[in-house]
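Let me begin by presenting the structure, written as structure tokens, before commenting on it.
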There are 2 protein chains.
Amino acid sequence: MSAEKPVAETFTITDLAGEFKVTPRTIRFYEDKDLLAPQRNGMNRVYTRRDRARLKLILRGRRLGFSLADLKEMLDLYDLGDGQVEQRRVLLKRARKQLAELEAQRRDINDTIRDLKGVIDHVAESLRAQGINEQAA
Amino acid sequence: MSAEKPVAETFTITDLAGEFKVTPRTIRFYEDKDLLAPQRNGMNRVYTRRDRARLKLILRGRRLGFSLADLKEMLDLYDLGDGQVEQRRVLLKRARKQLAELEAQRRDINDTIRDLKGVIDHVAESLRAQGINEQAA
DNA sequence: ATAATACTTTACGTTTACGTCAACGTCAAC
DNA sequence: GTTGACGTTGACGTAAACGTAAAGTATTAT
């Protein structure tokens, strides 16, 4: 009898696992690595929307090839926005460094996309030149 | 007595390792996985500019988080542009699928960059609001 | 002749990110 | 009261991507 509304107040581990197409094992593993820290209801883990947002960020980072250690640092960046002055200065430096790396990665992606488009155009053209349809007969 | 010009005709394994900041072990490992197939001069490997280009592509792919298995497929895409018609049709489909994935990844990156910029702006602003310089005293 | 340098193969070790049982707790339904 | 359904904690297994010796070969320098 779980609510079907877009977002509930809290989530169970299988809720999140189902939503993001990962196994509960994965989510527990992230907790073991201190990337998540859900509350408990007795023995059971209870995830807030904030936990859910963190998980989303972790999985996005993983798709971009970042290690869990990297992602822990990035999450700490998001967390420590209300620290002491010196802490925030350090945070700012790290965040800008991280930003530079992401922009470098974006350049890599753009280059790769351009190359791949070149291949596609070339092959598509070579098929057209022979008067061949792209779809099979 | 190695030439210092930007590009030579052929390269040794340590040439490439030096240029791309990886170890020879890494390059040999890629060969073992059939991502590279350099010529031999006796026992020693000899890399052409084409091999070098492949290595460059592999390393760029790795920075984007692709597995070596993924990259082998992608390299095959680049290679098979002159195959039979049916082969090229398959190639075209795969290439377009690959392109779609890359564009999805670019969206992930753009989202992440946007989030991170938000953090930076927020923290920088909070420091300015207190009349604090970003650099330490 | 020998030492240094550069390269080779073989093989076992390591880290990361989980997968896969196994055994147990808890609550609702039958 | 036992059977699921869902959750829990270990603990061991594993695939990927190299790292790290160990031991041999080939060329070059002295």
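Scope of the values below: all heavy atoms of this structure, side chains included, with no hydrogens, waters or symmetry mates. A, B, ... follow the sequence lines: proteins, then strands. Residue 1 opens every chain.
Taking the side chain as every heavy atom from C-beta outward, B:Y30 and B:L71 never approach each other to under 4.5 Å.
A 6.0 Å sphere centred on CD of B:Q39 holds no more than 12 heavy atoms belonging to other residues, nucleotides or ligands.
Distance CD/B:E125 to CD/B:Q130: 10.5 Å, rounded to 0.5 Å. Rounding to the nearest 0.5 angstrom, the gap separating the CG atom in B:N110 from the CD atom in B:E103 is 11.5 Å. Going from atom CG of A:D115 over to atom CD1 of A:I120 covers 11.0 Å, rounded to the nearest 0.5 Å. From A:L35, atom CG reaches atom CG of A:L57 across 10.5 Å, with rounding to the nearest 0.5 Å.
Here the P atom of nucleotide D:dA15 and the CZ atom of A:F29 are 17 Å apart, to the nearest Å. Note: NZ (B:K33) to P (D:dA17) measures 8 Å, nearest angstrom. Rounded to an integer number of Å, the gap from A:N41 CG to D:dC6 C1' is 13 Å. With rounding to whole Å, A:N44 atom CG is found 7 Å from D:dG7 atom P. The distance from atom CD1 of A:I27 to atom C1' of D:dG7 is 13 Å, rounded to the nearest whole Å. For the pair B:R63 CZ and D:dA17 C1', the computed distance is 17 Å after rounding to whole Å. Going from atom CD1 of B:I58 over to atom C1' of D:dA16 covers 15 Å, rounded to whole Å.
Remark: side-chain polar atoms of A:D15 are paired, donor with acceptor, to backbone N or O of A:T12 under 3.5 angstrom. Of the possible polar contacts, one joining the B:Q105 side chain to the B:L64 backbone as a donor-acceptor pair under 3.5 Å is found.
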Subject >> Residue pair A:E73, A:Q98: steps toward the side chain to side chain contact (heavy atoms under 4.5 Å, CB included) verdict >> reply: CA-CA 10 Å; A:E73 269 217 57; A:Q98 179 65 43; over 6 Å; no
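Among the nucleotides D:dC6, D:dG19, D:dT9, the one closest to the side chain of B:T26 is D:dG19.
Base pairing in DNA chain C yields stems of at least 3 consecutive Watson-Crick or G-U pairs, both distances under 3.5 Å, namely C:1-30 with D:1-30.
OP1 or OP2 of D:dT8 has at least one side-chain nitrogen or oxygen of A:R28 nearer than 4.0 Å. Taking side-chain N and O atoms only, B:Y30 has no distance below 4.0 Å to OP1 or OP2 of D:dA17. Contact annotation: A:T12 side-chain N/O to D:dC6 OP1/OP2 distance is not under 4.0 Å.
With A:D108 as the fixed residue, the side-chain hydrogen bond (donor to acceptor under 3.5 Å, both in side chains) test singles out one of B:R63, B:R62, B:R60: B:R63.
A:T112 and B:Y78 make their closest contact through O-OH, 4.3 Å (heavy atoms, listed as atom of the first residue, atom of the second, distance).
When only modelled atom types and interatomic distance are considered, A:S67 and A:D70 share a side-chain donor-acceptor pair under 3.5 Å.
Within residues 64-72 of chain B, no residue has any heavy atom under 4.0 Å from DNA chain C.
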Check: protein-nucleotides 21-23 of chain D nitrogen or oxygen pairs below 3.5 Å:
none

Determine all donor-acceptor pairs shorter than 3.5 Å in which one atom belongs to a side chain in residues 41-48 of chain A; sequence neighbours excluded.
unit_1 : atom_1 : unit_2 : atom_2 : d
A:R45  : NE     : A:E31  : OE1    : 2.6
A:T48  : OG1    : A:R50  : N      : 3.2
A:T48  : OG1    : A:D51  : N      : 3.2
A:T48  : OG1    : A:D51  : OD2    : 3.3

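Contacts between chain B and DNA chain C, taken as any atom within less than 4.0 angstrom of a protein heavy atom, begin and end at C:dC7 to C:dA11.
Qualifying salt bridge (Lys or Arg N to Asp or Glu O under 4.0 Å) partners for A:R106, counting only residues two or more places apart in sequence or in other chains: none.
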